[in-house]
Amino acid sequence: MLGLEWLGQKQDFVFHGPTGRGKTHLAIALGMLAVDAGKSARFLSCAQLVFDLKAAKERGRLDERYQELSKVDLLILDEFGYIPLDSDGGRLLFQVMSNCYERQSMVLTTNIEFGKWGTVLADDKLASALVDRIVHHGRLVEFKGESRRVTDSLMLGNRKEG
């Protein structure tokens, strides 16, 4: 993973697991490694991306936004499924993720298993097509263990103020 050869091969990663396990931290670190290696990377939360895509669509600039996103070597999409999407938002996000297939690498962080992606995208067929593309050239990394935030929680008395 850290060798970045997967970027040249247009491969993907899905970081899956409960909240607080380090998925986003690792995704950011990979983005920084990519940039240090001379590659381009973009980090976006899925919710913010959908909001931006809807605004671009309203302004008649959706194709421009898709083009902009397609130019990066690594697209990091954080928190897939954390905020429910309507069918329009699901289709817009699907298009971005589908456009990555065999063209650029993507890292996706999520706590939603593949079988429930239809509820995230508000369309089971879109979800099935997306999972099909991602698993073809992708790797699933499972994050387990205790939540780092809970383990180091001031509120629960697990950390001393300092």
Side-chain angles (χ1 to χ4, degrees), residues 1-34 39-57 62-148:
M1 180 182 333
L2 298 180
L4 298 180
E5 56 279 341
W6 54 275
L7 273 177
Q9 298 167 359
K10 314 293 191 240
Q11 295 177 351
D12 306 313
F13 280 97
V14 175
F15 294 165
H16 174 264
T19 301
R21 300 329 189 260
K23 299 179 299 292
T24 298
H25 288 289
L26 183 56
I28 290 169
L30 287 176
M32 293 173 70
L33 284 172
K39 302 291 185 181
S40 59
R42 194 77 196 269
F43 177 93
L44 300 158
S45 76
C46 286
Q48 185 61 53
L49 175 57
V50 169
F51 179 80
D52 292 347
L53 292 170
K54 285 183 173 190
K57 183 178 177 183
L62 188 56
D63 287 338
E64 283 179 36
R65 188 73 170 119
Y66 286 147
Q67 285 291 330
E68 177 187 314
L69 293 168
S70 72
K71 291 180 181 175
V72 298
D73 297 304
L74 173 60
L75 184 61
I76 302 167
L77 299 177
D78 193 36
E79 299 181 335
F80 177 79
Y82 281 51
I83 296 176
L85 302 174
D86 60 15
S87 60
D88 187 44
R91 285 190 297 273
L92 293 168
L93 183 58
F94 168 83
Q95 192 61 51
V96 169
M97 295 170 76
S98 181
N99 286 347
C100 290
Y101 180 64
E102 296 187 332
R103 293 184 188 102
Q104 66 196 108
S105 292
M106 178 176 59
V107 172
L108 183 71
T109 71
T110 186
N111 61 4
I112 309 293
E113 57 268 11
F114 288 132
K116 295 185 179 173
W117 281 21
T119 60
V120 174
L121 296 172
D123 187 313
D124 289 337
K125 289 180 183 177
L126 285 183
S128 179
L130 187 57
V131 169
D132 185 64
R133 287 168 175 83
I134 289 174
V135 301
H136 185 217
H137 297 301
R139 294 182 185 97
L140 176 65
V141 179
E142 291 283 348
F143 286 69
K144 298 180 180 183
E146 296 296 318
S147 165
R148 173 79 174 147

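It should be emphasised that the depicted structure is a prediction, and the values quoted were computed from it without experimental measurement.
- Note on ring orientation: taking the six-membered ring where Trp is involved, the planes of Trp6 and Phe13 are perpendicular (angle over 60°, cut-offs 30° and 60°).
- Between Gln104 and Val72, the closest heavy-atom pair is NE2-O, 3.0 Å.
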**OP:** Would you please test Phe143 and Thr109 for side-chain contact (heavy atoms from CB on, under 4.5 Å) and show each step?
**Re:** CA-CA 10 Å; Phe143 286 69; Thr109 71; over 6 Å; no
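- Ser40 and Asp73 form a side-chain donor-acceptor contact under 3.5 Å, judged by distance and modelled atom types alone.
- Between the side chain of Lys23 and the backbone N or O of Pro18 there is at least one donor-acceptor pair closer than 3.5 Å.
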**OP:** Check step by step if side-chain contact (heavy atoms from CB on, under 4.5 Å) holds for Asn111 and Thr19.
**Re:** CA-CA 7 Å; Asn111 61 4; Thr19 301; 3.9 Å; yes
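- When all heavy atoms of Leu77 and Met106 are compared, the closest pair comes out as CD1-SD, 3.8 Å.
- In this structure, Ile76 and Gly31 approach most closely via the heavy-atom pair CD1-CA, 3.7 Å.
- For residues 63-90, the set of pairs meeting the ring-ring contact (aromatic ring centres under 6.0 Å, His included) definition, not counting sequence neighbours, comprises Phe80-Trp117.
- Between atom CG of residue Leu33 and atom CD1 of residue Ile28 there is a gap of 12.5 Å, rounded to the nearest 0.5 Å.
- When only modelled atom types and interatomic distance are considered, Arg103 and Ser70 share no side-chain donor-acceptor pair under 3.5 Å.
- Gly118 approaches Ala127 most closely through the heavy-atom pair N-CB, 3.3 Å.
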Table please: side-chain donor-acceptor pairs of residues 89-96 below 3.5 Å, with sequence neighbours left out.
from, atom 1, to, atom 2, distance (Å)
Gln95, NE2, Asn99, OD1, 2.8

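- For residues 111-126, the set of pairs meeting the salt bridge (charged side-chain N to carboxylate O under 4.0 Å, His left out) definition, not counting sequence neighbours, comprises Glu113-Lys116.
- Under 3.5 Å, the side chains of Glu102 and His137 contain a donor-acceptor pair of N or O atoms.
- With 3.5 Å as the limit, one finds a donor-acceptor pair spanning the side chains of His16 and Glu142.
- We find the CG-CZ distance between Leu108 and Phe15 to be 10.0 Å, quoted to the nearest 0.5 Å.
- Closest approach of Arg133 to Ser98, counting heavy atoms only: NE-OG, 3.3 Å.
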**OP:** Please step through side-chain contact (heavy atoms from CB on, under 4.5 Å) for the pair Met97 and Ile134, ending with a clear verdict.
**Re:** CA-CA 9 Å; Met97 295 170 76; Ile134 289 174; 4.1 Å; yes
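- Taking OG of Ser105 as the start and CG of Leu30 as the end, the distance is 10.5 Å to the nearest 0.5 Å.
- Shortest non-hydrogen contact noted between Ala122 and Leu85 is CB-O, 3.8 Å.
- Gln48 and Asp52 are linked by a side-chain donor-acceptor pair at a separation below 3.5 angstrom, with hydrogens and angles left out of the test.
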